[in-house]
Participant: 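Please see the structure below; I have some questions.
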Amino acid sequence: LERSRRTGIMFPLQKLERHLAPGTDTAWFHIFEPGLDALQRAETFFRSGQGHPIDYVSSAVRMDHTPPPALPEVCFIGRSNVGKSSLIRALFSLSPEVEVRVSKTPGHTKKMNFFKVGKYFTLVDMPGYGYRAPQDFVEMVEAYLQERHNLKRTFLLVDGVVGLQKTDHIAVEMLEEFGIPYVMVLTKIDRAGRGLLLKNVLGIQEFVKKNTQGCFPQLFLVSSVEFSGVHLLRCFVAHVTGNLAAVETS
């Protein structure tokens with residue numbers, strides 16, 4: 001791909017940066033900015049092969065049903081219609097045999113779904129909160145966040161079209177209260193016009209700066225349809241699970 005298009009797919013936040021007013025602080029756009037070599041190395045973790053299986057392991061509604069916490073783990077949470085399962089399917093798109101169920105009906109995920117990525121890490125698709133959330137959502141998720149000692153990072157997904165909602169604020173308060181390190185991911189960026197996307201990005205960044213301590217300062221933008229930002233998110237997952245410890249960033 002030619003450079004500008006490649007940048008838009010790999011680093012959608014940088015593509016958006018060109019349209020900000022002069023003098024806008026954009027240092028937080030570049031905190032995690034791996035080179036192409038690191039991005040390519042990260043791809044290998046998400047490509048199954050001989051000796052490196054990527055498998056759905058199990059589902060659980062209680063902590064005593066979860067797999068043993070043997071590997072570094074990341075989990076994905078968000079509102080019921082934020083596109084969580086679609087993003088996880090996009091992350092695993094290099095291994096199409098991995099079945100990630102995606103439904104047109106919000107609230108399809110009712111359990112914690114565990115995916116084992118070889119011997120390197122586990123990825124967890126959590127039930128959605130808000131509309132059509134499971135009745136025991138709070139009990140299930142709070143127990144997981146507090147007790148899962150191998151959890152390295154929580155990915156809090158926010159809809160790129162509507163921005164932060166009241167239920168997202170509650171999720172942030174929970175993560176902050178428990179002292180859980182997390183990062184915000186803005187989904188469905190292909191559905192938001194540039195002006196709306198800029199407004200939501202700057203609004204979330206201001207919120208993170210003023211109201212959070214455990215949130216990674218850089219916002220990640222993704223489209224599960226166009227795959228924008230997916231490569232960068234794969235690299236960040238590999239990095240926070242300790243599998244790309246020496247990522248070179250500019």
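Worth saying up front: this structure is predicted, and the values here are computed from it rather than measured.
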Participant: The test is side chain to side chain contact (heavy atoms under 4.5 Å, CB included); show your working for R148 and M63 and say whether it passes.
Facilitator: CA-CA 9 Å; R148 200 70 173 170; M63 287 305 294; 4.2 Å; yes
Participant: Which residues pass the salt bridge (charged side-chain N to carboxylate O under 4.0 Å, His left out) test with R153, not counting sequence neighbours?
Facilitator: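 Testing R153 for salt bridge (charged side-chain N to carboxylate O under 4.0 Å, His left out), a comparison that skips the adjacent residues, returns none.
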Participant: Any sub-3.5 Å donor-acceptor pair from D55's side-chain atoms to K116's backbone N or O?
Facilitator: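 No; judged by distance alone, with no hydrogens or angles, the pair does not exist.
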Participant: Could I get the full list of side chain to side chain contact (heavy atoms under 4.5 Å, CB included) partners for A171, not counting sequence neighbours?
Facilitator: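 Side chain to side chain contact (heavy atoms under 4.5 Å, CB included) list for A171, sorted by chain: Y129, L156.
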Participant: Can you tell me if K84 uses its side chain to pair, donor with acceptor, with the backbone of M126 under 3.5 Å?
Facilitator: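 Yes; judged by distance alone, with no hydrogens or angles, the pair exists.
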Participant: Measure the shortest side-chain to side-chain distance between H52 and V117 over non-hydrogen atoms and say whether it is less than 4.5 angstrom.
Facilitator: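 The answer is yes; the side chains approach within 4.5 Å.
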Participant: Is there side-chain contact between L36 and R6, with at least one heavy-atom pair below 4.5 Å?
Facilitator: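 With C-beta onward as the side chain, the pair touches.
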Participant: Applying a strict under-4.5 Å side-chain criterion to I, L, V, M, F, W and Y, I'd like to know whether F115 and L94 cluster together.
Facilitator: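 Yes, F115 and L94 fall within the same hydrophobic cluster.
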Participant: Distance-only, no hydrogens or angles: does the S48 side chain make a donor-acceptor pair with backbone N or O of I54 under 3.5 Å?
Facilitator: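 No, the answer is negative, given that no donor and acceptor are paired below the 3.5 Å cut-off.
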Participant: Can you spot which of T24, T7, T26 makes a side chain to side chain donor-acceptor pair (under 3.5 Å) with E17?
Facilitator: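 Checked T24, T7, T26 against E17; only one passes side chain to side chain donor-acceptor pair (under 3.5 Å): T26.
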Participant: Please determine which of I77, I88, V74 meets the side-chain contact (heavy atoms from CB on, under 4.5 Å) test together with F155.
Facilitator: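 That would be V74; it is the only one of I77, I88, V74 passing the side-chain contact (heavy atoms from CB on, under 4.5 Å) with F155.
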Participant: Got F45 and L244 here, is their nearest side-chain heavy-atom distance under 4.5 Å?
Facilitator: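 The answer is yes, as the side chains (C-beta and beyond) meet within the 4.5 Å cut-off.
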Participant: Restricting to ring pair (Phe, Tyr, Trp, His ring centres under 6.0 Å), what partner residues turn up for F227, sequence neighbours left out?
Facilitator: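 Partners of F227 by the ring pair (Phe, Tyr, Trp, His ring centres under 6.0 Å) criterion come out as none, since no residue qualifies.
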Participant: R79 vs T187, test: side chain to side chain donor-acceptor pair (under 3.5 Å). Steps then yes/no.
Facilitator: CA-CA 11 Å; R79 290 193 302 119; T187 63; over 6 Å; no
Participant: Verify side chain to side chain contact (heavy atoms under 4.5 Å, CB included) between I180 and L151, making sure each step is shown before the conclusion.
Facilitator: CA-CA 9 Å; I180 305 294; L151 179 62; 4.3 Å; yes
Participant: Is there side-chain contact between S228 and I189, with at least one heavy-atom pair below 4.5 Å?
Facilitator: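 When only atoms from C-beta onward are counted, I189 and S228 do touch, with a gap below 4.5 Å.
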Participant: Are L202 and V185 co-members of a hydrophobic cluster defined by side-chain heavy atoms under 4.5 Å apart?
Facilitator: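 Yes, same cluster.
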Participant: Write out all pairs satisfying ring pair (Phe, Tyr, Trp, His ring centres under 6.0 Å) with one or both partners inside residues 156-202, taking only residues at least two apart or from two chains.
Facilitator: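 Sorted result for residues 156-202: H169-F207.
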Participant: For F220, which residues count as a ring pair (Phe, Tyr, Trp, His ring centres under 6.0 Å) partner, sequence neighbours excluded?
Facilitator: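 Testing F220 for ring pair (Phe, Tyr, Trp, His ring centres under 6.0 Å), a comparison that skips the adjacent residues, returns F236.
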Participant: Using 30° and 60° as the class boundaries, would you call the ring planes of F92 and F46 parallel, tilted or perpendicular?
Facilitator: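 F92 vs F46 ring planes: tilted.
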Participant: Under a 4.0 Å threshold between the charged nitrogen and the carboxylate oxygen, would D159 count as salt-bridged to K188?
Facilitator: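 Salt bridge present between K188 and D159.
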Participant: Can you tell me which residue pairs pass the side-chain hydrogen bond (donor to acceptor under 3.5 Å, both in side chains) test with a partner in residues 215-227, sequence neighbours excluded?
Facilitator: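 Listed once each, the pairs are D190-S223.
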Participant: Side-chain heavy atoms nearer than 4.5 Å, only ILVMFWY residues, links allowed to pass through others: does that put V61 and F114 together?
Facilitator: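 Yes: a chain of side-chain contacts under 4.5 Å links V61 to F114.
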Participant: Is there a path of hydrophobic side-chain contacts, each under 4.5 Å between heavy atoms of I, L, V, M, F, W or Y residues, that connects L145 with L71?
Facilitator: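 No, separate clusters.
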Participant: When hydrophobic residues are tied together by side-chain contacts of less than 4.5 Å, even through go-betweens, does L164 share a cluster with V162?
Facilitator: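 Per the 4.5 Å side-chain linkage, L164 and V162 are not co-clustered.
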